[in-house]
Colleague: 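I have a structure here, written as structure tokens, and I will follow up with some questions on it.
Computed from a predicted model, the values in this text were never measured in an experiment. Count residues from 1 along the sequence.
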Amino acid sequence: MLGTGTPGPDPDRSGPATAVVVNGMAYLVDVGAGVVRRAKAAALDKGIRALEPISLRVVFVTHLHSDHTVGYPDLILTPWVIGRKIPLEVHGPKGIKAMTEHILLAYGEDIRTRTNPHGNQREFPQGAWVNAHEVTAGVVYKDANVTVTAFTTRHAMESYGYRFDTSDRSVVITGDTAPTQATIDACNGCDVLIHEVNTLSALAARPAMFQAFAGMYHTSTAQLAELAAQAKPKLLVLYHASISLRPRVDANFQGGAANSSPEELLAEVQSRYGGRVVVARDLDVY
């Protein structure tokens, strides 16, 4: 778990980003704020060498909201600056190609100066290249390690979750979504289901406009408990929730006083769901 936070600038939780690591190869899902530094921390502190930033090359984006993509320029440029010599392969919903083109255009002067006759990246300009692929539901990627299947989710824009099938495990990551039958079908007894969630207590304290939005496009603990009972994951991982790891309340966090504790989040789910469930924190490994 490279980032488990929300749009709020929580110093303890980076923006949404998850890595599935198979046979020394990392596959990223979403690129929230801090993704490159969290990847380096995982390489150093957890010994996961596949998450050395220079090795990151395959990415899946659930949707184009800023909190899930604001780390994208960092992922394109920083590993290249330190030596990545191959293009990124990025898969996402309609609009990912335009986003990619505009990021590269915005950093055009940077790229030109690093690849001019005096630039120290001039011998491997392809390290800043990106092959962006716009996906639809179905198998979107396959190699010797993994088969990745996209399924439609329900959010405020075109959005997808992704199922990863390897030789020994299946992992489903939803991104932002209301509960859907597609998620239940994608999991169907999967080893790990990583799902967004909001506590009922936090939602009740939020403005009416957000409550209406969340009712259409997010998942509450009660809804997730019902979904998980049908999807039957061996492990349910809660992330992207309005929680705070600190006892104080910071009114500048998204939700401010509406943030719950991890213990409150876990209790709300466990009171309704009997399966194995954990609250994810940045750099947790499952």
Side-chain angles (χ1 to χ4, degrees), residues 1 3-18 30 32-33 62-68 70 152-157 159 161 172-184 187 193-233 235-282 284:
M1 306 302 298
T4 60
T6 65
D10 187 336
D12 302 311
R13 299 190 302 153
S14 291
T18 305
D30 287 334
T62 61
H63 66 291
L64 301 185
H65 269 154
S66 59
D67 55 317
H68 292 252
V70 75
T152 57
T153 53
R154 187 161 73 242
H155 198 45
M157 59 174 67
S159 58
V172 174
I173 304 170
T174 64
D176 287 4
T177 183
T180 69
Q181 184 64 43
T183 299
I184 295 169
C187 176
L193 172 60
I194 302 172
H195 203 295
E196 69 119 270
V197 68
N198 281 303
T199 64
L200 296 172
S201 56
L203 284 172
R206 296 294 295 273
M209 182 172 65
F210 182 83
Q211 291 187 39
F213 180 86
M216 292 186 290
Y217 300 126
H218 288 288
T219 302
S220 71
T221 49
Q223 290 172 319
L224 183 54
E226 182 179 347
L227 180 147
Q230 298 177 66
K232 295 180 171 56
L235 174 65
L236 174 61
V237 179
L238 313 178
Y239 86 134
H240 199 43
S242 293
I243 59 174
S244 177
L245 304 183
R246 304 186 183 206
R248 66 175 174 80
V249 171
D250 184 340
N252 291 318
F253 283 6
Q254 184 192 37
N259 285 338
S260 303
S261 70
E263 293 75 20
E264 289 169 329
L265 171 59
L266 188 61
E268 280 198 11
V269 175
Q270 289 182 325
S271 68
R272 298 167 172 85
Y273 173 65
R276 186 179 172 215
V277 56
V278 295
V279 177
R281 303 188 187 211
D282 288 19
D284 280 352

Colleague: Write down the atom of P262, the atom of L245, and the distance for their closest heavy-atom approach.
Modeller: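 Nearest pair, atom of P262 first, then L245: CG-CD2, 3.4 Å.
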Colleague: Nearest 0.5 Å please: distance from the NE2 atom of H155 over to the CE atom of M216.
Modeller: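 With rounding to 0.5 Å, NE2 (H155) is 10.5 Å from CE (M216).
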Colleague: Mind checking the OG-CG spacing from S271 to L266? Nearest 0.5 Å is all I need.
Modeller: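 Rounded to the nearest 0.5 Å, the OG-CG separation comes out at 9.5 Å.
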Colleague: Within a strict 4.5 Å, meaning less than it, do heavy atoms of the T180 and T152 side chains meet?
Modeller: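 The answer is no, as the side chains (C-beta and beyond) never meet within the 4.5 Å cut-off.
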Colleague: D30 and side chain to side chain contact (heavy atoms under 4.5 Å, CB included): which partner among H65, H240, H68?
Modeller: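 One option only clears the test, and that one is H68.
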Colleague: Among L236, V237, L235, exactly one meets side chain to side chain contact (heavy atoms under 4.5 Å, CB included) together with R276. Which residue is that?
Modeller: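 Of L236, V237, L235, side chain to side chain contact (heavy atoms under 4.5 Å, CB included) with R276 is met by L235 alone.
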Colleague: For S261 and I243, which heavy atoms make the closest approach, and how far apart are they?
Modeller: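 Reported closest heavy-atom pair: O-CG2, 4.0 Å.
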Colleague: What's the separation between atom CG in L227 and atom OH in Y273, rounded to the nearest 0.5 Å?
Modeller: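 Nearest 0.5 Å value for the CG-OH distance: 9.5 Å.
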Colleague: Heavy atoms only: give me the nearest Y217-E196 pair and the separation to one decimal.
Modeller: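 Nearest heavy atoms, Y217 then E196: O-OE2, 4.2 Å.
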Colleague: Please examine the side chains of S242 and T199, heavy atoms only from C-beta on, and report whether any two atoms are closer than 4.5 Å.
Modeller: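 Side-chain contact under 4.5 Å: no.
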Colleague: Within this structure, what is the OG1-NE2 distance for the pair T153 and H63, rounded to the nearest 0.5 Å?
Modeller: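 Between T153 OG1 and H63 NE2, I get 8.0 Å after rounding to 0.5 Å.
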Colleague: Just jot down the side chain to side chain contact (heavy atoms under 4.5 Å, CB included) partners of E226, sequence neighbours excluded, or say none.
Modeller: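 Side chain to side chain contact (heavy atoms under 4.5 Å, CB included) list for E226, sorted by chain: Q230.
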Colleague: Closest heavy-atom contact between L203 and A214?
Modeller: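 Minimum heavy-atom separation between L203 and A214: CD2-CB, 3.7 Å.
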Colleague: Between OG1 of T177 and CG of L224, what distance do you get to the nearest 0.5 Å?
Modeller: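 Taking OG1 in T177 and CG in L224, the distance rounds to 11.0 Å.
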Colleague: Indicate yes or no: at least one non-hydrogen side-chain atom of S159 is less than 4.5 angstrom from one of T62.
Modeller: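 No; the side chains remain at least 4.5 Å from each other.
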Colleague: E268 side chain to L200 main-chain N or O, any donor-acceptor pair under 3.5 Å?
Modeller: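 Between the backbone of L200 and the side chain of E268 there is a qualifying donor-acceptor contact (under 3.5 Å).
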Colleague: If you take all heavy atoms of P233 and L193, which pair is closest and at what distance?
Modeller: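 Closest heavy-atom pair between P233 and L193: CB-CB, 3.7 Å.
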Colleague: Between R154 (side chain only) and P179 (backbone N and O only), is there a donor and an acceptor less than 3.5 Å apart?
Modeller: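 The answer is yes, because a donor-acceptor pair under 3.5 Å joins these two groups.
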Colleague: Is any side-chain heavy atom of D282 less than 4.5 Å from a side-chain heavy atom of M1?
Modeller: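 Sidechains of M1 and D282: no contact.
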Colleague: Between OG1 of T6 and CG of D176, what distance do you get to the nearest 0.5 Å?
Modeller: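 Between T6 OG1 and D176 CG, I get 10.0 Å after rounding to 0.5 Å.
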Colleague: Would you say the side chains of T183 and T174 form a donor-acceptor pair under 3.5 Å?
Modeller: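 No, T174 and T183 have no side-chain donor paired with an acceptor closer than 3.5 Å.
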Colleague: Indicate the atoms forming the closest heavy-atom contact of G175 with Y239, along with that distance.
Modeller: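 Where G175 meets Y239 most closely, the heavy atoms are N-OH, 3.2 Å.
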